[in-house]
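Within every chain, numbering begins at 1; the chains are lettered A, B, ... in the order of the sequence lines, protein sequences first and strands thereafter.
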2 protein chains.
Amino acid sequence: MAESGLTSGTRPGAENLLFLTDDQLRRGIEAMFFAYRGFTADPDRILAEKSYGRAHHRALHFIHRSPATTVNNLLDILGVTKQSLNRVLRTLIDDGLVESKVGQKDRRERHLFLTDAGRDLERVLSEAQRKRMRAAYREAGPEAVAGFQQVLQQIMDPRLREHFEQLKDAP
Amino acid sequence: MAESGLTSGTRPGAENLLFLTDDQLRRGIEAMFFAYRGFTADPDRILAEKSYGRAHHRALHFIHRSPATTVNNLLDILGVTKQSLNRVLRTLIDDGLVESKVGQKDRRERHLFLTDAGRDLERVLSEAQRKRMRAAYREAGPEAVAGFQQVLQQIMDPRLREHFEQLKDAP
DNA sequence: TTGGAAAGTCAACAAGGCTGACATAAACTG
DNA sequence: CAGTTTATGTCAGCCTTGTTGACTTTCCAA
């Protein structure tokens with residue numbers, strides 16, 4: 001049943017390229033669209049209560065992942081302008097969720113850290129997101145998860161894939 | 001699950017749950033974030049040239065997929081307010097990419113269709129998106145693609161999954 | 001010492017979400 | 001038939017989050 005459901009009874013041989021039909025690609029595109037909505041739904045609800053937005057979540061996430069990261073590095077990861085990021089960072093700093101420390105080696109740079117309160121919010125947000133992912137992973141099983149990761153990695157722009165890989169090796 | 005155990009050789013036993021660690025989940029979350037950026041990058045570039053946005057693309061896509069769809073159905077799929085959709089639809093209709101026809105059975109409804117010009121733009125946008133997906137699929141291989149679809153489907157909200165399934169069976 | 005990088009800020013704007021209020025036409029219901 | 005509900009459209013105003021451009025301050029490095 002699993003087999004026929006996945007491959008319609010055909011074996012994935014070298015010549016079997018049905019998974020590359022426009023129809024299969026369309027299904028993948030629509031799946032990405034609908035899944036991304038679910039992916040962001042739970043954090044979005046929590047953020048709305050606190051009058052924050054997705055942009056704040058992203059900043060919290062990547063500062064959490066890479067403590068002491070610089071503004072420039074964050075700009076590169078997030079792919080927005082410094083004005084856009086600054087607005088978000090400003091509110092997070094003013095609200096005491098993020099701390100900005102002048103660099104020791106290069107005192108022009110600012111190194112970003114989560115405060116205790118910042119870590120708290122980050123934990124609530126990411127746990128909500130993980131909960132859904134965990135359920136999805138469990139339903140789909142480890143092999144599906146491996147495929148999921150592989151395809152997503154290929155969809156990324158090479159420059160972003162580097163960031164992704166770098167984060168993989170973070171402590 | 002029992003079946004995937006049979007076909008894969010990995011039994012989802014108590015000890016083999018490493019794919020559910022918080023670290024694996026975090027990797028999946030970041031992969032979704034970076035991949036979605038790539039996913040939208042190519043259409044976004046084309047849309048920007050024509051002063052359209054992602055919202056226009058979404059409308060074109062789903063009208064293309066479900067010709068004669070009603071405004072209400074589109075609202076449900078897209079998950080935005082009618083005011084938001086109307087703004088987008090208005091420009092598409094004014095620009096001659098979408099046609100709105102009064103319903104025959106129920107004359108309160110409007111049925112939406114792409115014009116030739118609308119189909120042209122939809123084709124350009126979706127081909128750009130498919131190109132990237134095709135390359136990703138080819139690199140990852142059919143088994144990975146199957147897993148990719150499975151996990152995405154599980155991430156969706158149930159209500160959206162129904163829409164997704166319904167589109168699967170469309171002509 | 002000076003050029004340029006890093007960061008921050010101000011102003012203005014746009015897309016695309018949202019709410020609320022209201023209008024119209026058509027269908028449905030008692 | 002009168003009243004209600006449904007589907008759609010529209011106006012006005014707000015918010016978040018993106019953009020560009022201009023400008024300043026700090027300060028490293030050649």
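In this structure, A:K105 atom NZ and D:dC27 atom P are separated by 16 Å, rounded to whole Å. Rounded to whole Å, the distance from CD on A:Q104 to C1' on D:dC27 is 16 Å. A:L47 places its CG atom 12 Å from the C1' atom of D:dT16, with the value rounded to the nearest Å. Between the P atom of D:dA7 and the CG atom of B:N73 lies a distance of 11 Å, rounded to the nearest Å. For the pair A:L85 CG and C:dA7 P, the computed distance is 10 Å after rounding to whole Å. The CZ atom of B:R87 sits 14 Å away from the P atom of D:dG13 (whole-angstrom rounding). Atom CG of B:D44 is separated from atom C1' of C:dG16 by 13 Å (rounded to the nearest Å). Per the geometry, CG belonging to A:D76 stands 12 Å off P belonging to C:dA7, to the nearest Å.
OP1 and OP2 of D:dT6 both lie 4.0 Å or more from every side-chain N or O belonging to B:N72. Using a 4.0 Å cut-off, no side-chain N or O of A:R107 falls inside it from OP1 or OP2 of C:dA5. When the side-chain nitrogen and oxygen atoms of A:T81 are compared with OP1 and OP2 of D:dG18, none of them lie within a distance under 4.0 Å. Applying the 4.0 Å criterion to OP1 and OP2 of C:dA15, one finds that B:H56 has every side-chain N and O outside that range. Contact check, B:R54 against C:dA15: no side-chain N or O comes under 4.0 Å of OP1 or OP2. In this structure, A:R90 reaches the C:dT9 phosphate: one of its side-chain N or O atoms is under 4.0 Å from OP1 or OP2.
The side-chain heavy atoms of A:D116 and A:R119, taken from C-beta on, include a pair separated by under 4.5 Å.
Relative to the side chain of B:Q83, the nucleotides C:dC18, D:dA7, C:dA27 differ in distance, and C:dC18 lies closest. Across C:dG17, D:dC28, D:dT8, the shortest atom-to-atom separation from the side chain of B:T70 is found for D:dT8. When each of C:dA7, C:dG17, D:dG18 is scored by its nearest atom to the side-chain atoms of A:A55, the top-ranked nucleotide is D:dG18.
Sequence order on DNA chain D of the closest nucleotides to B:N86 and A:V102 puts B:N86 first from the 5' end.
Side chain of A:T115 to main chain of A:G96: a donor-acceptor pair is present (N/O by atom type, distance under 3.5 Å, no hydrogens or angles).
Checking B:Q153 against B:E165 by side-chain atom types alone, a donor-acceptor pair falls below 3.5 Å. Judged by distance alone, the side chains of A:H61 and B:E30 do bring a donor and an acceptor atom under 3.5 Å apart.
Using a 4.0 Å cut-off between charged side-chain N and carboxylate O, A:D22 and B:R130 make a salt bridge. Ionic pairing of B:R159 and B:E162 is not present here: no N-O contact between side-chain nitrogen and carboxylate oxygen is shorter than 4.0 angstrom.
In this structure, the helix from C:dT1-D:dA30 to C:dG30-D:dC1 shows an angle of 20° between the axis at its start and the axis at its end, each fitted on 5 base pairs and rounded to 10°.
For C:dA5, the base has a donor-acceptor partner in the side chain of A:R108 [N/O atoms by modelled type, under 3.5 angstrom].
Ring-plane geometry between B:F62 and A:F34 is classed as tilted, the angle between the planes lying from 30 to 60 degrees on a 0 to 90 degree scale.
Around the NZ atom of B:K168, the shell of radius 6.0 Å holds more than 12 heavy atoms that belong to other residues, nucleotides or ligands.
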